[in-house]
Participant: 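One structure coming up, written as structure tokens, with questions to follow.
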Amino acid sequence: MYSEYQHLIDLSDYPVSWWKKVVDLGEEIKNDPGKFAHECDGKVMATLFYEPSTRTQMSFQTAMIRLGGQIIGFDNPANSSVSKGETIKDTTKIVSNYADVLVIRHPIAGAAKAASLTADCSVINAGDGGHLHPTQTLTDLLTLQIEKKTLSGLTIGMCGDLINGRTVHSLCKALSMFPDNKFIFISTPELMMPAYIKDIIKANGSTYTEMNSLEDAIGQLDVLYMTRIQQERFASEAEYLAQKNTYVLDKRKMQLAKQDMIVMHPLPRVDEITVDVDDDPRAKYFTQAKYGVFARMALILTILNDKKSSETLRGKVYPGVCCKNPKCITNYEHYLPKSFIYSGDHTLLECEYCDDRMLI
Ligand code: NCD
């Protein structure tokens, strides 16, 4: 299936050269934002946020305003026709006729892909459940390029809720495409990185190890990417409480880290980094959030100027086969065409919306 508009649902839909182009443009904008102040004069961006957000939504809105464009949208679906039971298909179809680009965040995996099937403008995925968050990854790549001066040869520690954290999923997929990056995943057994992400890392030729102690890992790292335990994605309060406070980065642990290690975090922080770490020059999470505006300005410009078409679904319908992931959009919006791709050794079918795999 094809769409005549260019979308960003998953960074893997584009070659690394495309991401580099966006990141380099982000750096150029950071160095001279005024030069781009009228690039989107007369353009409209719609933000459809079905799930809470501070940074992603506001940095997108700021990005469009700083490019000279205007913004519309909702951040509380209760105030829109969604509360009357409107489908993603209908909301997207309507709003995409009011805007040049549509930015969507949704609690269910695959929702942005679903939106791209019917939108009459470009769609950008601003986070779909625990699945992906490609624009946070562009922000993270820009942060690494500016603060570490490289995207290769890094030892990256990712710590916290690795099973539910969409930011770390997208970032692993991206950084494993650059040479000589090594990952150290620091989590409890319950919150380990999903198998499909580890398989992608291996297939891309990068390596990973899994540890459960932040103290033991921190001295080896060039980058420590902390994450919040994603309370809203747990089945029960008790399961969340069992994981809460497992990993806390504090001043004492920072003493074990290299002098040039940087600390990143997509934010919001709950209690996984103590506030006294904020004054350490290696703490880059607030700077990272600031760079998010430049990364999103670069993305909006690229998407609107390139005017390319996109392949929205590449897989096939297998009669009678449905995705088994209860958090997949195809199990909520039943009109969506199912689409599966053979993965790996052809014993698994992968849902094209949420990447969940099932044995065949
Ligand atoms: C992240 C998200 O929404 O996935 N935040 C963000 O976009 N800056 C991380 C999180 O919510 O923990």
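When reading the values below, keep in mind they use all heavy atoms of this one structure, side chains included, and skip hydrogens, waters and symmetry mates. Atoms within each ligand, like the ligands themselves, are counted from 1 in listed order.
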Participant: In the hydrophobic clustering that connects Ile, Leu, Val, Met, Phe, Trp and Tyr at side-chain heavy-atom distances below 4.5 Å, which members other than Val275 occupy its cluster, ordered by chain and number?
Facilitator: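 Members alongside Val275: none; it stands by itself.
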
Participant: Suppose the criterion is side chain to side chain donor-acceptor pair (under 3.5 Å): which pairs have a residue in residues 309-318, not counting sequence neighbours?
Facilitator: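 Output for this query is empty, none listed.
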
Participant: For Ile163, which fellow cluster members are found when Ile, Leu, Val, Met, Phe, Trp and Tyr are connected by side-chain heavy-atom distances below 4.5 angstrom, either directly or through intermediates?
Facilitator: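 Traced through the cluster, Ile163 reaches Leu191, Ile229, Phe234, Tyr240, Leu241.
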
Participant: Going by the angle between their ring planes, with limits at 30° and 60°, are Tyr196 and His131 parallel, tilted or perpendicular?
Facilitator: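 The rings of Tyr196 and His131 sit tilted, inter-plane angle from 30° to 60°.
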
Participant: Do Gln145 and Asp24 have a side chain donor and acceptor closer than 3.5 Å?
Facilitator: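 Short answer, yes.
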
Participant: Given the ring of Phe49, does Arg105 sit roughly above its face, with NZ or CZ under 6.0 Å from the centre of the six-membered ring and within 45° of the axis?
Facilitator: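 No - Arg105 does not lie over the ring of Phe49 by the 6.0 Å and 45° rule.
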
Participant: Tell me the residues surrounding ligand 1, counting only those with a heavy atom closer than 4.0 angstrom, sorted by chain and number.
Facilitator: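 Those residues closer than 4.0 Å to ligand 1 by some heavy atom are Arg55, Thr56, Arg105, His133, Gln136, Arg166, Thr167, Arg228, Gln230, Pro266, Leu267, Pro268.
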
